[in-house]
Amino acid sequence: MRVEYNYLPEQFANSEEIIEEWRLLIQSGDFTLGQWVLEIEGLFAKYVGAKHAIAVNNGTDALLLALKAIGVGPGQEVITPCNSFYATTGAIVALGAKPVFCDVDSRYQIDLDRVEELISGETRCILPVHWAGASPDMNRLVEIADKYSLYVVEDACMGIGSTINGKSAGTFGKVGAYSLHPLKSLNVMGDGGFVTTSDDNYESWMRTYRNHGMVDRDHIRMFGLNHRMQPLQAIVAKHQLRLLPDFLQRRRSHAKYFDSLLLNNEFLRDSVLVPERFEGYLETFSLYMLLVDRRDELVEYLNGHDIDARIHYPIPLHLQEASNYLGYKRGDFPVAEEQADKLITLPMHQYLDKAKLDFMYEHLVNFFGLHD
Ligand SMILES: *Cc1c(COP(=O)(O)O)cnc(C)c1O
């Protein structure tokens, strides 16, 4: 038995419907924006419960556009967790602003007890991440931001389908940014993304900026960029969006089963830490992460036994070479640093089954030598 991390060949094994619709696109010759991009924008806005969605060509661009829309630029600071994928901070730096890192909590989310002490006169925005497809307490985060009149932009790149009491990730702040990268919950055959907002002015600005700032062919309102989603990918996204509720339901039930195997083994509990799952929070399990002892050995052991375990990520952002100019040092964010040494990501996708989950569990038990 092999437990693969990459489920894409299975997910796209039968793509006839997508290919059929691609034929219509090819016949139309409508290759920039056009009807399919408009259609997926409407469907996505409805799915997350935002007033507007604007389709862009990846999650990094979505973050850039979102931060640019609220006016983030040189001389300003953006508070963001130190354990995200590089693009969250990359977008801040690309706009000439300064990332101010925040430590994380035991659920790997931005630590809301630490945010207020990081706010300065230069702070423009808080940029939380729905890391792994779980969410920080967004209601509390928005309260903190409101208290200091700060904007909230959400990195919901892994959070398409995550909700807090029914409200979608990406819809708590001013603008939400999402990715359709192949290993996100809603994925395409390459790159894609969205920004969402319920504010008409931000919508209009982002929509225009996404397409060179053009009002029409002969007039521009501002100097914008090209962040357009490809119609080919809009078609893929439309078909995947129909399947997403079923995918998420299966992932959640796998994660729940696996959590319960681990939590019910009292010997394993000392060596393997399952993060708390908050009541009312639906997660996407884009990453199923545990904190384990002897992590590097365990990854090697599992990989040697046909289980494609991975690490997201071994070095937090503030300790990356790219952050040298910011002056952080080891010890600044002890929780994130400890997690970076202990985190392991296991496959938890929709194509697993009970036998594969049991197989992973047995190998964890064997590694720690702790049969119950
Ligand atoms: C994937 C990801 C991004 C970047 O999205 P791309 O579509 O790959 O550009 C940004 N932030 C987080 C948290 C992500 O997981």
Hydrophobic cluster identity match, [X] and [Y], side-chain contacts under 4.5 Å:
X: Val175; Y: Val56; result: yes
X: Tyr313; Y: Leu302; result: no
X: Val153; Y: Val129; result: no
X: Leu317; Y: Leu64; result: no
X: Leu263; Y: Tyr108; result: no

query = With a distance cut-off below 6.0 Å to the six-membered ring centre and an angular limit of 45° from the axis, does Arg252 pair with Tyr281 as a cation-pi contact?
reply =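 Pair Arg252/Tyr281 does not count as cation-pi.
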Minimum heavy-atom distance [X]-[Y], with the two atoms named:
X: Asn303; Y: Ile307; value: ND2-O, 2.9 Å
X: Ala62; Y: Phe194; value: CB-O, 3.4 Å
X: Gly170; Y: Thr196; value: O-OG1, 3.5 Å
X: Pro316; Y: Glu337; value: CG-CG, 4.3 Å
X: Pro81; Y: Phe101; value: O-CD2, 3.9 Å
X: Leu127; Y: Leu67; value: CD2-CD1, 4.1 Å

For the pair [X] (side chain) and [Y] (backbone), establish whether a donor and an acceptor sit closer than 3.5 Å, ignoring hydrogens and angles.
X: Ser15; Y: Phe12; result: yes
X: Ser162; Y: Gly133; result: yes
X: Glu154; Y: Pro128; result: no
X: Asp332; Y: Lys329; result: yes
X: Arg107; Y: Pro275; result: no
X: Arg207; Y: Ile54; result: no
X: Asn187; Y: Pro182; result: yes
X: Thr123; Y: Cys125; result: no
X: Thr163; Y: Ser168; result: no
X: Ser185; Y: Gly161; result: no

Would you please say whether a donor-acceptor pair under 3.5 Å links the side chains of [X] and [Y]?
X: Tyr209; Y: Asn226; value: no
X: Arg221; Y: Ser204; value: yes
X: Asn57; Y: Arg228; value: no
X: Ser120; Y: Glu77; value: yes
X: Gln240; Y: Gln11; value: yes
X: His363; Y: Asn366; value: no
X: Asp200; Y: His52; value: yes
X: Ser323; Y: His318; value: no

message = Among Asn58, Thr60, Asp61, Asn211, which residue satisfies the side chain to side chain donor-acceptor pair (under 3.5 Å) criterion with His227?
response =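 Of the listed options, the one satisfying the test is Asp61.
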Considering residues, nucleotides and ligands other than [X], do more than 12 of their heavy atoms fall under 6.0 Å from its [atom1]?
X: Gln230; atom1: CD; value: no
X: Lys167; atom1: NZ; value: yes
X: Glu321; atom1: CD; value: no
X: Glu300; atom1: CD; value: no
X: Phe223; atom1: CZ; value: no

Gap separating the [atom1] atom of [X] from the [atom2] atom of [Y], nearest 0.5 angstrom:
X: Ile26; Y: Trp22; atom1: CD1; atom2: CH2; answer: 8.5 Å
X: Arg114; Y: Cys102; atom1: CZ; atom2: SG; answer: 8.0 Å
X: His212; Y: Leu225; atom1: NE2; atom2: CG; answer: 8.5 Å
X: Ile126; Y: Ile110; atom1: CD1; atom2: CD1; answer: 7.0 Å
X: Leu150; Y: Ile144; atom1: CG; atom2: CD1; answer: 10.0 Å
X: Phe44; Y: Lys46; atom1: CZ; atom2: NZ; answer: 14.0 Å

key: Leu319 side chain reached by Arg330 side chain, heavy atoms, under 4.5 Å   =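 In short, these two side chains touch, coming nearer than 4.5 Å.
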Classify the angle between the aromatic ring planes of [X] and [Y] as parallel (below 30°), tilted (30 to 60°) or perpendicular (above 60°).
X: Phe333; Y: Tyr328; answer: tilted
X: Tyr301; Y: Phe367; answer: tilted
X: His349; Y: Tyr351; answer: tilted

Does [X] pair with [Y] as a salt bridge, N-O distance under 4.0 Å?
X: Lys147; Y: Glu116; value: yes
X: Glu338; Y: Arg295; value: no
X: Glu17; Y: Arg242; value: yes

query = For the rings on Phe267 and Phe368, is their centre-to-centre separation under 6.0 Å?
reply =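 Not close enough - the centres of the two rings lie 6.0 Å or further apart.
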message = Evaluate Asp308 against Arg310 for salt bridge (Lys or Arg N to Asp or Glu O under 4.0 Å), listing each step before the verdict.
response = CA-CA 7 Å; Asp308 193 0; Arg310 300 188 181 186; 3.0 Å; yes
inquiry  = Set out, in order, the CA-CA distance, both residues' side-chain angles and the distance that settles side-chain contact (heavy atoms from CB on, under 4.5 Å) for Asp358 and Tyr257, then state yes or no.
reply    = CA-CA 10 Å; Asp358 288 342; Tyr257 174 69; 2.5 Å; yes
key: Name of the residue among Asp105, Asp111, Asp113 meeting salt bridge (Lys or Arg N to Asp or Glu O under 4.0 Å) with Arg140   =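 The residue from Asp105, Asp111, Asp113 that satisfies salt bridge (Lys or Arg N to Asp or Glu O under 4.0 Å) with Arg140 turns out to be Asp113.
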Lys238/Glu21 under salt bridge (Lys or Arg N to Asp or Glu O under 4.0 Å): CA gap, chis, key distance, verdict = CA-CA 10 Å; Lys238 174 174 132 183; Glu21 203 157 356; 2.6 Å; yes
query = Could you go step by step and tell me if Val3 and Met360 meet the side-chain contact (heavy atoms from CB on, under 4.5 Å) rule?
reply = CA-CA 8 Å; Val3 186; Met360 284 201 292; 4.1 Å; yes
query = Can you name the one residue among Ile40, Leu241, Ile160, Asp191 that meets side chain to side chain contact (heavy atoms under 4.5 Å, CB included) with Leu180?
reply =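 That would be Ile160.
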request  = I would like to know whether Tyr178 and Val48 meet side-chain contact (heavy atoms from CB on, under 4.5 Å); could you show each step before the answer?
outcome  = CA-CA 11 Å; Tyr178 306 82; Val48 298; 4.0 Å; yes
